[in-house]
Amino acid sequence: MRVIAGEYRGRRLKTPEGRGTRPTSDRVRESLFMVLEPWHGTSVVDLYAGSGALGIEALSRGAARADFVESSRDAIAVLRDNLAMLGATDRTTIWPLPLPAGLGRMGAPLARADVILLDPPYGGEQARECLEALASAPLHAGCRIVLEHHGKDDVPERAGRIARIDTRKYGETHVSFYEPREAGDPAAGGREA
């Protein structure tokens, strides 16, 4: 797997062995990162980080910092190697936490996050649980939450104050975009593209 654009463009990333992680395809990554531009100066949280490919792509495109959350020891070792190889350890933190339970320990990174990248195992259950946990987190109004999921997964339109604003389809892979809403704000329409 390679970084698609930016400072680290073309750099090859290690990926964990086995089937415990599912890398995001180049096509989905390219589209996702173009939708979320500009990246300059943003703070990113990469949940279920695996190799760190999503958070690293954000750093490559100009994000100021990235916090990576991963519970697999093998994946954490690969992520550490990738960040060291790129010279990006000074603007990153790895949180070896289980999700969604570990989100309760992520107050400061979630409060400063401009983008939260959420790539849980397919099925929908962990996605729903993470969105519900994020609804109680100290997210700022401009934060964007990006959920990669299978098209057949049952993911919610709303989870507490978190509302879906858009869904993009790439074959069986779907990417849903969420934002926190203040009390009294109407629910988003869940537009699909």
Side-chain angles (χ1 to χ4, degrees), residues 1 15-25 27-29 31-33 35-36 44-55 57-58 66-79 93-107 109-111 113-139 143-181 185 187-193:
M1 176 181 298
T15 57
E17 292 184 19
R19 300 175 65 111
T21 59
R22 174 189 30 79
T24 302
S25 74
R27 176 180 170 229
V28 173
R29 272 190 300 146
S31 177
L32 161 69
F33 281 91
V35 168
L36 293 171
V44 174
V45 174
D46 186 353
L47 303 177
Y48 298 94
S51 67
L54 292 177
E57 189 74 39
D67 289 274
F68 298 88
V69 183
E70 177 55 60
S71 61
S72 162
R73 288 182 184 170
D74 291 340
I76 289 169
V78 167
L79 174 55
T93 302
I94 298 172
W95 298 78
L97 299 170
L99 291 170
L103 289 173
R105 297 180 51 196
M106 298 283 301
L110 292 174
D114 300 302
V115 178
I116 298 172
L117 302 165
L118 177 55
D119 189 9
Y122 283 173
E125 183 177 333
Q126 290 186 50
R128 190 175 315 102
E129 291 173 358
C130 277
L131 288 170
E132 289 168 359
L134 288 170
S136 301
L139 306 179
C143 180
R144 296 168 292 175
I145 301 162
V146 182
L147 168 64
E148 180 180 338
H149 58 96
H150 191 279
K152 294 182 180 178
D153 289 351
D154 180 22
V155 297
E157 290 278 332
R158 272 193 94 99
R161 68 186 188 108
I162 305 294
R164 183 166 57 186
I165 59 167
D166 193 7
T167 298
R168 307 284 173 108
K169 300 175 182 180
Y170 308 92
E172 293 184 348
T173 299
H174 290 194
V175 179
S176 292
F177 299 84
Y178 293 81
E179 290 180 352
R181 301 287 174 150
D185 279 356
R191 180 174 68 87
E192 296 192 357

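Keep in mind that the numbers below use all heavy atoms, side chains included, and drop hydrogens, waters and symmetry copies.
Put simply, NE2 on H174 and NE2 on H150 are 8.0 Å apart, with the number rounded to the nearest 0.5 Å. Atoms CZ and CD1, on R164 and I145 in that order, are 13.0 Å from each other to the nearest 0.5 Å. Separating the CG atom in D67 from the CG atom in L110 is a distance of 8.5 Å, to the nearest 0.5 Å. A distance of 6.5 Å separates CE in M106 from CG in L97, rounded to the nearest 0.5 Å. Rounding to the nearest 0.5 angstrom, the gap separating the CG atom in L47 from the CG atom in L117 is 8.0 Å. Remark: E70 CD to S51 OG distance equals 9.0 Å, nearest 0.5 Å.
Checking I162, V45, I116 one by one against C143, the side-chain contact (heavy atoms from CB on, under 4.5 Å) holds for a single residue, I116.
A 4.5 Å side-chain heavy-atom check between L54 and F68 finds every atom pair outside the cut-off. Annotation: side chain of V35 is not in contact with side chain of D166 (no heavy-atom distance under 4.5 Å). The closest side-chain heavy-atom distance from L139 to Y178 is not below 4.5 Å.
Smallest separation of non-hydrogen atoms from P120 and E148: CD-O, 3.8 Å. Scanning both residues, W95 and P109, for their nearest heavy atoms gives CZ2-CG, 3.4 Å. In this structure, A58 and F33 approach most closely via the heavy-atom pair N-CE2, 3.5 Å. Pairing each heavy atom of L79 with each of A49, the nearest pair is CD2-CB, 4.3 Å. S176 approaches H149 most closely through the heavy-atom pair OG-NE2, 2.8 Å.
The side chain to side chain contact (heavy atoms under 4.5 Å, CB included) check on D114 picks up T42, S43, H140, with sequence neighbours excluded.
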- [ ] Kindly determine whether K152 and Y122 satisfy side-chain contact (heavy atoms from CB on, under 4.5 Å), including the steps that lead there.
- [x] CA-CA 9 Å; K152 294 182 180 178; Y122 283 173; over 6 Å; no
Task: Steps toward side-chain contact (heavy atoms from CB on, under 4.5 Å) verdict (I165, R181) - done: CA-CA 11 Å; I165 59 167; R181 301 287 174 150; 3.0 Å; yes
Quick one: side chains of residues 125-136, donor-acceptor pairs under 3.5 Å with protein atoms, not counting sequence neighbours, listed by atom name and distance.
| unit_1 | atom_1 | unit_2 | atom_2 | d |
| --- | --- | --- | --- | --- |
| Q126 | OE1 | Y48 | OH | 2.7 |
| R128 | NH2 | D154 | O | 2.7 |

